[in-house]
Protein chains: 2
Amino acid sequence: MRKENSTNSINREALINQCPVNYTLELIGGRWKTLILFNLQNKPLRFSELKRALPGVTEKMLTQQLRELEADNLLTRTVYAEVPPRVEYSLTDLGKSLQPVLINIAKWGLSVMPTYTSKQARA
Amino acid sequence: MRKENSTNSINREALINQCPVNYTLELIGGRWKTLILFNLQNKPLRFSELKRALPGVTEKMLTQQLRELEADNLLTRTVYAEVPPRVEYSLTDLGKSLQPVLINIAKWGLSVMPTYTSKQARA
DNA sequence: TATGGTACTTACTAAAAAGTAAGTTTTATG
DNA sequence: CATAAAACTTACTTTTTAGTAAGTACCATA
């Protein structure tokens, strides 16, 4: 739960409101969000399908990030009245409109990321 | 200081290595980094100039984020043999190559961000 | 009852990021 | 000496994010 009156919170909100880059990063920032968005770009997927597509993700984290993406209107969560439960996630139009941006970011990343694992330069 | 063997760290590194979007976001993610990069796009600036351009930033946070951007080769830190100290920051070619990406992100952000402050929808 | 499947929820811990406040460095000037 | 300027550094605290582990709900089947 975010504390409302902390300097941290105040600065964060200020930057989100003033800087469209920060606004966007706020929507896609999260350990698993970009991969979720990537996996949903071609068709809707169930929770379990997403989970299998994201090695290392816990159900808890997956749920949390999906809920945030939903809250930000980037994806739709469809619950089917079935047992076992069946829940499907699909991109909204807004979520789809983000794909070219993500592709653009990916292109830059691909053009500069090293082909070997040399991340030790970072503290 | 990042702990090397935490699941958190392992997942993070895995995603940075596998996903170019995450790789890029790792470079620009940080409360003040995008604004720093934006302010440096036209000409080099001194520490104090950057500080004045970023309301709410502390010297500590500014220093930290500048050092990280430098470590990631996005900017150059030039120290002049003067008193009072004079240190200048400027974008590297790599930093400059990132500008179109940031502009692309900003465009999307601008197209969707509300014109009024309605961020309460987020937990 | 137990077991199974899917998709969570809850209570907590660990790790990371951001911030606070004080102190330091290099000289120059009074 | 004191004060000033610019650009940090250090030690600590607060806040936020990510993760661990157990439990829950809804049925269906044995």
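A note on names: the letters A, B, ... follow the listed sequences, proteins ahead of strands, and every chain is numbered from 1.
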So, does [X] get its side chain near the phosphate of [N], meaning an N or O under 4.0 Å from OP1 or OP2?
| X | N | answer |
| --- | --- | --- |
| A:Trp32 | D:dT17 | no |
| B:Ser48 | D:dA7 | yes |
| A:Thr7 | C:dT20 | yes |
| A:Arg77 | C:dC8 | yes |
| A:Ser6 | D:dT16 | yes |
| A:Arg2 | D:dT17 | yes |
| B:Arg46 | D:dA7 | yes |

Any chance you could lay out the side chain to side chain contact (heavy atoms under 4.5 Å, CB included) test for A:Leu25 and A:Val21, step after step, and finish with the verdict?
CA-CA 6 Å; A:Leu25 294 189; A:Val21 179; 4.2 Å; yes
Set of residues satisfying side-chain hydrogen bond (donor to acceptor under 3.5 Å, both in side chains) with respect to A:Arg31, sequence neighbours excluded:
B:Asn8
What pairs with A:Thr34 under side-chain hydrogen bond (donor to acceptor under 3.5 Å, both in side chains), at least two apart in sequence or on another chain?
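Testing A:Thr34 for side-chain hydrogen bond (donor to acceptor under 3.5 Å, both in side chains), a comparison that skips the adjacent residues, returns B:Asn22.
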Can you measure [X] atom [atom1] to [N] atom [atom2] for me and round it to whole angstrom units?
| X | N | atom1 | atom2 | value |
| --- | --- | --- | --- | --- |
| A:Leu25 | D:dT16 | CG | P | 18 Å |
| B:Arg67 | D:dA7 | CZ | P | 12 Å |
| B:Ile28 | C:dA17 | CD1 | P | 15 Å |
| A:Phe47 | D:dC26 | CZ | C1' | 16 Å |
| A:Asn11 | C:dA17 | CG | P | 17 Å |
| A:Gln64 | C:dA7 | CD | P | 18 Å |
| B:Glu13 | D:dA18 | CD | P | 15 Å |
| A:Glu82 | C:dG4 | CD | P | 22 Å |

Note down the inter-axis angle between the two ends of the helix from C:dT1-D:dA30 to C:dG30-D:dC1, five pairs each, to the nearest 10°.
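If I round to tens, the end axes sit 40° apart.
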When you match A:Arg31 and B:Pro85 each to their closest nucleotide on DNA chain D, which lands nearer the 5' end?
B:Pro85
For a quick test of reading the model, state the closest non-hydrogen atom pair linking [X] to [Y] and the distance between them.
| X | Y | result |
| --- | --- | --- |
| A:Val87 | A:Arg77 | CG1-CG, 3.6 Å |
| B:Leu94 | B:Asp72 | CD2-O, 3.9 Å |
| B:Pro114 | A:Tyr23 | CD-OH, 3.4 Å |
| A:Ile28 | A:Lys33 | O-CB, 3.6 Å |
| A:Leu66 | A:Ile36 | CD2-CG2, 3.7 Å |

Contacts to DNA chain D from residues 51-63 of chain A, heavy-atom cutoff under 4.0 Å, which residues?
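Close to the strand are A:Thr58, A:Lys60, A:Met61.
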May I have all residue pairs that pass side-chain hydrogen bond (donor to acceptor under 3.5 Å, both in side chains) and include part of residues 37-46 of chain A, sequence neighbours excluded?
none
When you match B:Ser9 and A:Tyr89 each to their closest nucleotide on DNA chain C, which lands nearer the 5' end?
A:Tyr89
Which listed nucleotide (D:dG19, C:dT26, C:dA7) is nearest to the side chain of A:Val87?
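Out of D:dG19, C:dT26, C:dA7, the nucleotide with an atom closest to A:Val87's side chain is C:dA7.
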Pairs touching residues 51-66 of chain A that satisfy salt bridge (Lys or Arg N to Asp or Glu O under 4.0 Å), sequence neighbours left out:
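Counting only pairs at least two positions apart or across chains, the salt bridge (Lys or Arg N to Asp or Glu O under 4.0 Å) contacts touching residues 51-66 of chain A are A:Lys51-A:Glu59.
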Which is true for A:Glu49 with a 4.0 Å heavy-atom rule: it touches a base, it touches only sugar-phosphate, or it touches nothing?
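Since no nucleic acid heavy atom lies under 4.0 Å of A:Glu49, the category is nothing.
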Select base, sugar-phosphate, or nothing to describe what A:Glu88 touches, counting heavy atoms under 4.0 Å on all strands.
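Since no nucleic acid heavy atom lies under 4.0 Å of A:Glu88, the category is nothing.
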